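A short write-up of the structure that comes next.
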Amino acid sequence: MKKLMNNLKIVSTGSYTPEKVMTNFDFEKIVDTSDEWIVQRTGIKKRHVVTDEDTSDLAYKAALKAINKVNYDTTKIDLIIVATFTPDLMSPGVSNLVQAKLGLSNQDITCFDLNSGCTGLIYALNVGASMLNSGKYNSALIIGSEVVTKTVDYEDRNTCVLFGDGSGCLILENTDEDKLAYIYATSQGELERSLYVDKYIHMDGKKVYLFAVGAMEKAIKKVLADSSLTISEVSKIIPHQANIRIIQSVAKNLKIGMDKFFINIENYGNTSAASVGIALDEYLSSKKHHENEKILLVGFGSGFTYGAALLTL
Ligand code: UT7
């Protein structure tokens with residue numbers, strides 16, 4: 001894999017989660033669990049779940065928020081990539097449905113979905129950045145969107161308490177400005193099915209946990225080393241929100257203070273490919289000025305996939 005630095009501009013972000021909320025106390029009525037266990041073992045207090053919306057509805061609503069936030073000229077959009085493992089249909093892709101819902105069906109737009117599990121948004125950024133930097137495309141919607149609850153077995157306490165639904169979107173443009181972007185997206189293929197989805201999500205939690213900690217550490221170190229930056233030059237790390245203890249272990253092992261990490265897992269649970277996008281949008285909304293801040297997105301997922309993206313605001 002070549003080391004390739006890009007310049008990329010995040011023009012706007014948006015996120016959307018469904019209105020309905022399931023708290024840990026709701027799960028106490030469904031399976032043999034407790035609020036105390038879930039909070040202590042994962043950091044999750046509640047998650048948002050769909051009633052009648054599908055993945056493209058969530059993606060569309062996140063994209064619309066990003067567009068409206070900056071009154072974006074949608075005639076510029078020529079690329080839509082949606083990262084998801086829970087598409088509305090096997091075909092067409094969620095990206096095509098988003099194009100239609102945005103009223104852009106008559107515009108030349110390359111649309112496709114990709115599935116890299118919970119690392120999906122970082123993979124979509126990797127592909128989208130390369131396409132923008134090729135000079136062929138000008139403006140991309142990069143979306144992570146999931147209705148994970150479609151695949152949740154509400155009789156399996158090992159998994160059902162962990163997941164939620166949502167969507168996060170970035171509008172990206174090529175730029176001549178000095179806005180360093182460097183993205184690393186990789187995979188450690190495994191055949192043992194430690195984390196897989198057929199009708200339902202199945203997981204060897206302990207094995208995934210151990211993989212996750214090592215993978216996030218490696219991705220953070222790799223991106224910092226390749227871009228010749230130290231952690232003190234990064235203002236925030238926005239990790240995949242799967243388990244607060246995974247993030248705490250990474251922080252401890254890399255000797256990084258927890259205040260460097262943006263955490264919102266307590267409100268959403270694990271929203272798979274949407275999680276980093278939702279967290280990024282919330283981080284950007286949390287204060288007024290971010291100019292030229294360097295941020296680091298990092299994630300892991302089934303495959304096993306993992307990666308990190310260093311972006312400049
Ligand atoms: O995006 C990628 C997706 N997945 C992940 O990131 C998950 C990574 N793994 C994890 O987050 C953790 O491994 C879990 C949260 C899934 C589990 O935490 P743990 O500390 O690794 O617990 P454990 O698997 O060692 O289970 C401890 C006990 C078990 O009981 P026994 O066998 O010791 O009697 C489980 O059956 O906790 C039990 N348990 C529960 N108890 C109450 C498992 N789920 C629950 C539950 N409520 N919901």
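We count ligands from 1, going down the list as the structure has it; atoms in each ligand are counted the same way. Remember, it's a predicted structure, so these values are computed and weren't measured experimentally.
- An N or O contact shorter than 3.5 Å links Gly205 to ligand 1 by distance.
- Checked by atom type and distance alone, the side chain of Glu291 never pairs as donor or acceptor with a backbone atom of His289 at under 3.5 Å.
- Within 4.0 Å of atom 36 (O) of ligand 1, at least one protein heavy atom is present.
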Practice item. Please test Lys46 against Glu266 for salt bridge (Lys or Arg N to Asp or Glu O under 4.0 Å), starting from the C-alpha separation and ending with a verdict. Key: CA-CA 6 Å; Lys46 58 180 184 171; Glu266 65 271 23; over 6 Å; no
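- Of the candidates Thr159, Ile201, Thr33, Val31, it is Thr33 that places a heavy atom closest to atom 47 (N) of ligand 1.
- Counting only heavy atoms of the protein, atom 3 (C) of ligand 1 lies nearest to Asn270 ND2, 3.6 Å.
- Side-chain atoms of Ser12 come within 3.5 Å of backbone atoms of Ala66 as a donor-acceptor pair (strictly under, hydrogens ignored).
- Taking the ring centre of Phe262 as origin, the terminal cationic atom of Lys236 falls outside the region bounded by 6.0 Å and 45° from the ring axis.
- In this structure, Asn126 contributes its side chain and Ala185 its backbone to no donor-acceptor pair below 3.5 Å.
- Note: an N/O pair closer than 3.5 Å links Arg157 and ligand 1 by distance alone.
- Atoms of ligand 1 lying under 4.0 Å from any heavy atom of Val161, numbered from 1 in the order shown and given with element: 48 (N).
- When distances from atom 29 (C) of ligand 1 to the protein are checked, no heavy atom turns up under 4.0 Å.
- Counting protein heavy atoms only, atom 19 (P) of ligand 1 is closest to Arg245 NH2, 3.6 Å.
- The nearest protein atom to atom 14 (C) of ligand 1, hydrogens excluded, is given as Asn243 ND2, 4.4 Å; this is a heavy-atom distance.
- Nearest non-hydrogen protein atom to atom 24 (O) of ligand 1 is Lys206 NZ, 4.0 Å.
- Results of the side-chain hydrogen bond (donor to acceptor under 3.5 Å, both in side chains) test with Tyr268 over Glu282, His48, Arg47 single out Glu282 as the only residue that passes.
- Using the six-membered ring where Trp is involved, Phe211 and Phe304 have ring planes that are parallel, under 30° apart on the 30 and 60° scheme.
- When non-hydrogen atoms are compared, ligand 1 lies under 4.0 Å from the backbone of Asn158 as well as from its side chain.
- Annotation: atom 39 (N) of ligand 1 to nearest protein heavy atom, Trp37 CZ2, 3.4 Å.
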Exercise for review: Test Asp78 against Ser139 for side chain to side chain donor-acceptor pair (under 3.5 Å), laying out the working first.
Suggested key: CA-CA 6 Å; Asp78 50 13; Ser139 162; 5.2 Å; no
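- Ligand 1 has no atom lying under 4.0 Å from any heavy atom of Phe27.
- Each of the atoms 1 (O), 2 (C) of ligand 1 lies under 4.0 Å from some heavy atom of Cys118.
- Ranking protein heavy atoms by distance to atom 4 (N) of ligand 1, first place goes to Met203 SD, 3.1 Å.
- Panel note: side chain Ser194, backbone Val208; no donor-acceptor pair is recorded below 3.5 Å.
- Taking the centre of each ring, His240 and Tyr306 stay at or above the 6.0 Å mark.
- For atom 6 (O) of ligand 1, the closest non-hydrogen atom on the protein side is Ala242 CB, 3.3 Å.
- Each of the atoms 15 (C) of ligand 1 lies under 4.0 Å from some heavy atom of Thr42.
- Comment: Asp176 does not engage Lys9 in a salt bridge, judged by the lack of any side-chain N to carboxylate O separation of less than 4.0 angstrom.
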Review point. Could you go step by step and tell me if Glu146 and Thr271 meet the side chain to side chain donor-acceptor pair (under 3.5 Å) rule?
Key: CA-CA 7 Å; Glu146 303 279 18; Thr271 57; over 6 Å; no
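- Within the 4.0 Å cut-off (strictly below), no protein heavy atom is located near atom 32 (O) of ligand 1.
- Scanning the protein for heavy atoms near atom 22 (O) of ligand 1, the closest one is Arg41 NH2, 3.7 Å.
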